[in-house]
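The first residue of the sequence shown is numbered 1, and numbering continues consecutively from there. Values below: all heavy atoms of this structure, side chains included; hydrogens, waters and symmetry mates excluded. As the structure is a prediction and not an experimental result, all values here were calculated from the model.
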Amino acid sequence: MPEELRVTSAWAIPDAELAERFSRASGPGGQGVNTTDSRVELSFDVARARSVPPHLRHRLLCGLRSRLIDGVLVVAASEYREQLRNRAAARDRLARLLRDAAAAPPPARRATRPTRGSRERRLAEKKRRGQTKQGRRAGGWD
């Protein structure tokens with residue numbers, strides 16, 4: 001395993017700031033699933049980590065607030081039978097979550113007014129739709 005988790009080209013998390021826990025996973029694996037600790041829980045303390053750039057900390061805490069427990073982000077992986085593959089999957093998932101939360105918000109929408117043509121088309125469509133419904137009412141299906 002590498003000594004750091006690369007989140008972006010400019011930001012990496014050293015392994016010392018990540019905590020891994022292993023447990024028995026459910027799912028495929030036969031009798032072996034009852035004896036091997038292949039499930040991986042990867043924890044990262046977003047609130048207190050030194051590797052988080054100061055300008056990103058608030059954005060990460062806000063973007064991940066529904067997933068954080070006391071400022072700690074926990075990711076679990078148990079989809080593979082091998083612990084090594086689950087470790088890699090957990091690291092990828094953690095990096096993706098942090099990358100998505102650190103992304104800059106989209107620019108605010110500039111308010112615009114509908115054009116005259118679009119207003120006329122909307123009203124014409126409403127009138128057409130009303131006539132269709134009117135025709136159904138007077139259908140005479142008694």
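- Every pair passing side-chain hydrogen bond (donor to acceptor under 3.5 Å, both in side chains) that includes a residue from residues 51-69 is listed here, sequence neighbours excluded: Glu17-Ser51.
- Within the structure, side-chain hydrogen bond (donor to acceptor under 3.5 Å, both in side chains) contacts touching residues 118-129 (residues at least two apart or in different chains) are Thr115-Ser118, Arg116-Glu120, Glu125-Arg128.
- Residues meeting the side-chain contact (heavy atoms from CB on, under 4.5 Å) test with Ala101, sequence neighbours left out: Leu60, Leu64.
- The other residues sharing a hydrophobic cluster with Val72 are Val74, where clustering joins ILVMFWY side chains under 4.5 Å apart.
- Glu4 approaches Arg91 most closely through the heavy-atom pair O-NH1, 4.1 Å.
- For the side-chain hydrogen bond (donor to acceptor under 3.5 Å, both in side chains) test, residues two or more places apart in sequence or in another chain that qualify with Arg48 are Asp45.
- Around CD1 of Ile69, the count of heavy atoms belonging to other residues, nucleotides or ligands within 6.0 Å does not exceed 12.
- Under the 4.5 Å side-chain heavy-atom criterion for Ile, Leu, Val, Met, Phe, Trp and Tyr, Val40 and Leu18 are members of distinct hydrophobic clusters.
- With sequence neighbours excluded, the residues that form a side-chain contact (heavy atoms from CB on, under 4.5 Å) with Ala77 are Glu79, Asn86, Ala89, Ala90, Arg93.
- Members clustered with Tyr80: none, using a 4.5 Å side-chain heavy-atom cutoff among hydrophobic residues.
- Here salt bridge (Lys or Arg N to Asp or Glu O under 4.0 Å) pairs that include residues 95-111, with residues two or more places apart or in two chains, number zero.
- Taking Ala16 as the reference, nothing meets the side-chain contact (heavy atoms from CB on, under 4.5 Å) condition, with sequence neighbours excluded.
- Note that OG of Ser38 and CG of Leu84 are 11.5 Å apart. Values are rounded to the nearest 0.5 Å.
- Scored by the salt bridge (charged side-chain N to carboxylate O under 4.0 Å, His left out) test, Glu41 finds Arg21, Arg39 as partners (sequence neighbours excluded).
- The residue from Val52, Val75, Leu68 that alone fulfils the side-chain contact (heavy atoms from CB on, under 4.5 Å) condition with Phe44 is Val52.
- With rounding to the nearest 0.5 angstrom, the CD atom of Gln83 is 12.5 Å from the OG atom of Ser78.
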- Give the intermediate values and the outcome of side chain to side chain contact (heavy atoms under 4.5 Å, CB included) for residues Ile13 and Leu98. CA-CA 11 Å; Ile13 300 169; Leu98 292 172; 3.4 Å; yes
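- Considering CG of Leu56 and OG1 of Thr8, their distance stands at 8.0 Å, rounded to 0.5 Å.
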